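Please read the structure below before turning to the comments.
Computed from a prediction, not measured in an experiment: that's the story for all the values here. In what follows, chains carry the letters A, B, and so on, assigned in the order in which the sequence lines appear, proteins first and then strands, with residues in each chain numbered from 1.
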There are 2 protein chains.
Amino acid sequence: MSDSTAAGQEPVTADRLAHRVPDLGALQLLIAIARLGSLGRAARELGITQPAASSRVRAMERQLGVALVDRSPRGSKLTDAGALVTDWARRIVEAAEAFDVGAQALRDGRDKRLRVAASMTIAEYLLPGWLIALRHERPGTAVQLLAGNSQFVAERLLADAVDLGFVEGLTVPSGLTGVVIARDHLVVVAAPTHPWARRRRPLDPEELARTPLILREHGSGTRQVLDAALGGLADPLLELASTTAVKASAVSGAGPSVLSELAVGEELAARRLVRVPVDGVPLDRALRAVWRVGHRPVGPARDLLSLTRAG
Amino acid sequence: MSDSTAAGQEPVTADRLAHRVPDLGALQLLIAIARLGSLGRAARELGITQPAASSRVRAMERQLGVALVDRSPRGSKLTDAGALVTDWARRIVEAAEAFDVGAQALRDGRDKRLRVAASMTIAEYLLPGWLIALRHERPGTAVQLLAGNSQFVAERLLADAVDLGFVEGLTVPSGLTGVVIARDHLVVVAAPTHPWARRRRPLDPEELARTPLILREHGSGTRQVLDAALGGLADPLLELASTTAVKASAVSGAGPSVLSELAVGEELAARRLVRVPVDGVPLDRALRAVWRVGHRPVGPARDLLSLTRAG
DNA sequence: ATGTGGACATAAGCTGGCGTTATGAGTGAC
DNA sequence: GTCACTCATAACGCCAGCTTATGTCCACAT
């Protein structure tokens, strides 16, 4: 039986992805070389010595089987392949930076700095970007992040356990005020191979309601909005515990899904998923920054808030 | 002088990102634990022993300062923080998978398998996704990837050095035929703090032409389309060598930019960039799969082609 | 022609992280 | 009580990657 890997989960690419992809340090080195035009300068910037950089680049080239850097006594420049690889590398590093600020925010609970509570979708997709921006504007701001559903956010705010909250949903919990910082649109998506992908006439609510969909589990904010929009009639083909798992299944063609635009922005742009037009289903919700009535955000909370108020 | 890090380049987050972000193996382990509900099973799946997995998770928790996994004699489950971290981890792993297939395609030149030439934008943003899909459908297909401009792609096809080409642009090079597989829209984007971000009335061509923009260097496909659309009048505020550098500058608020929708999909979804409406500027181009007249794609080339023909 | 300096390569040695095997210990089912 | 499962701990070995110390090449200035 081994483990029968449920539905369209991870097909476990291969056993040693980590051995075929250089580590973060190496990727950063490559990016630094692209920018600085010299192995040695790049090494210095990363706080290692030039021979170390030289050997890492060599190792990377051996690992990938492609020449990445044109060395010359006058400096180093990326090859064409190197430039392409470097752009792919940047996306890994960006994801790692988002991970880093997120993790830091999750940890920094001990210090009594800026404390934030956010709903899952916001914590996952929006907050890391805001925190990266915040770090640029106010370096040294330590943020603590708590993630949960709307009631949890409200409870933390009312208990004065956090300074600022972010919720997605139709209403503002009582005792709180806030501003709408963006709108989130749920979108119906399907793999490009799915019949719906070629569809031009919008779906109507009944058709959506009677088609089995890949969905998050009950209780997730996304699911709530969908159930409300369809009158509780969504028909799950598959219920998965994480947004990413849902995406992966949808991309692999297991079926259509309904997801936040935030979660599938990249997949839509890259045509791994296609948006299916829908009519007459209110798949919209506001994203709000909220705080306790009478406790207008000040200091770091105000800084963070102002970063978010523009979309 | 140290190094005066040009424009809005990398502000070098901090010196040891790699020391604050677990490596790929650890992230994959975490993802596997989330899916399988057990340290030991996850270890087995990754081909390591249970004590190794135990120690890695411990190390990760120490590194991040957050409890990630709830261990019990009945199995292991992620904590709330762990679930959030795991979702961030998935994005790193996805980027790494895209890197991996791309790099593999770049290398596999020796074998005479499927050889593909593509323009930069396609090679960077679309091909990795297609190749991941191709690997699922036809495991073991070795792909060689060459990236260059349209003339280069045409030349390789005509010389029979590649089996399939992908170009972005208004015309099909002579001697080739092909099909439109998608449309790429260039979009005007600005940081949410930029005045244009709040704009509702569309920009007109003159206004766009007289505003200094952050752009790729001359000769890039994106730049060509923009120059053509504006009659060669684009006014560069900054000319950078990579799409990612342009994005980073735009996000940091250095100025507005014009970029492919493919490149900024995620930034738009996460509101790190805002799309600015434009009127009367033809910022559209077709993405085409092309091949030599009379050499209809067969075999693996046909497989790949069919994967792309749905957006 | 001839230094001189910057940039990359090579060599030798050290260290630490991560892996292994072998074992202990808690919990629930029968 | 014993089995079957979980995770933790301990002792040890290996290899990747770092450092320091050098060598080589080339461009440019003198």
Side-chain angles (χ1 to χ4, degrees), chain A residues 1-4 15-65 67-79 82 89, chain B residues 1-4 15-64 67-79 82 89 96:
Chain A
M1 65 181 88
S2 56
D3 60 71
S4 81
D15 303 73
R16 281 175 189 54
L17 185 62
H19 291 180
R20 286 176 319 193
V21 177
D23 69 28
L24 275 178
L27 299 177
Q28 286 187 297
L29 178 62
L30 194 61
I31 293 169
I33 292 170
R35 177 155 42 85
L36 300 173
S38 150
L39 271 187
R41 263 200 291 279
R44 237 171 299 141
E45 177 169 288
L46 297 191
I48 60 176
T49 58
Q50 170 268 318
S54 182
S55 124
R56 281 199 92 137
V57 171
R58 206 177 230 352
M60 238 189 308
E61 288 178 322
R62 188 165 38 75
Q63 182 180 33
L64 301 180
L68 300 172
V69 176
D70 257 344
R71 289 91 145 166
S72 87
R74 297 265 311 133
S76 293
K77 187 128 187 32
L78 296 184
T79 61
Chain B
M1 66 186 72
S2 62
D3 60 66
S4 82
D15 303 73
R16 281 178 188 53
L17 185 61
H19 291 180
R20 285 177 319 196
V21 178
D23 68 30
L24 275 177
L27 299 177
Q28 286 186 295
L29 177 62
L30 194 61
I31 294 168
I33 293 170
R35 176 154 43 84
L36 301 173
S38 150
L39 270 186
R41 264 200 290 279
R44 237 172 299 139
E45 176 169 287
L46 298 191
I48 61 177
T49 58
Q50 172 266 320
S54 181
S55 125
R56 281 200 92 139
V57 171
R58 205 177 239 342
M60 236 188 310
E61 288 178 322
R62 189 165 38 77
Q63 183 179 31
L64 301 179
L68 301 172
V69 177
D70 257 343
R71 289 91 146 168
S72 87
R74 299 264 312 132
S76 292
K77 186 125 186 36
L78 297 184
T79 61

Below 4.0 Å: OP1/OP2 of [N] and any side-chain N or O of [X]:
X	N	value
A/Ser76	C/dC8	yes
A/Arg56	D/dC18	yes
A/Ser54	C/dA9	yes
A/Ser72	D/dC26	no
A/Arg74	C/dC8	no
A/Arg71	D/dC25	no
B/Arg58	D/dT9	yes

Applying a 4.0 Å non-hydrogen cut-off, can you work out what B/Ser55 is touching in the nucleic acid: base, sugar-phosphate, or nothing?
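Touches nothing.
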Base, sugar-phosphate, or nothing: which does A/Thr49 touch, judged by heavy atoms less than 4.0 Å apart?
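Base contact.
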Starting at atom [atom1] of [X], determine the distance to atom [atom2] of [N], rounded to an integer number of angstrom.
X	N	atom1	atom2	value
A/Lys77	C/dC8	NZ	P	13 Å
B/Ile48	D/dA8	CD1	P	13 Å
A/Leu29	C/dC8	CG	C1'	13 Å
B/His19	D/dA16	NE2	P	17 Å
A/Leu46	D/dG17	CG	P	15 Å
B/Arg41	D/dC5	CZ	P	10 Å
B/Met60	C/dG17	CE	P	15 Å
B/Ile33	D/dT6	CD1	C1'	13 Å

Upstream residue (5' side of DNA chain D) when A/Pro73 and A/Ala52 are each assigned their closest nucleotide:
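Closer to the 5' end of DNA chain D: A/Ala52.
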When the nearest nucleotide of DNA chain D is assigned to A/Pro51 and to A/Asp23 on a heavy-atom basis, which residue is associated with the more 5' position?
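Its nearest nucleotide being more 5', the pick is A/Asp23.
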Quick one: pull up OG in B/Ser72 and NZ in B/Lys77 and give me the separation to the nearest 0.5 Å.
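It is 11.0 Å, given to the nearest 0.5 Å.
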Distance, nearest 0.5 Å, that separates CZ of A/Arg44 from OG1 of A/Thr49:
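OG1 of A/Thr49 is found 11.0 Å from CZ of A/Arg44.
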Side-chain donor/acceptor contact of A/Gln50 with base of C/dA7 under 3.5 Å
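No.
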Using atom types as modelled and distance alone, determine if a side-chain donor or acceptor of [X] lies under 3.5 Å from a backbone N or O of [Y].
X	Y	answer
B/Gln63	B/His19	yes
A/Ser38	A/Ser76	no
A/Thr79	A/Asp70	no

Looking only at side-chain atoms of A/Arg44, point me to the closest of D/dT6, C/dA7, C/dA9.
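Nearest to the side chain of A/Arg44 among the choices is C/dA7.
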Is there side-chain contact between A/Val69 and A/Glu61, with heavy atoms separated by less than 4.5 Å?
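Contact flag for A/Val69/A/Glu61 side chains = yes.
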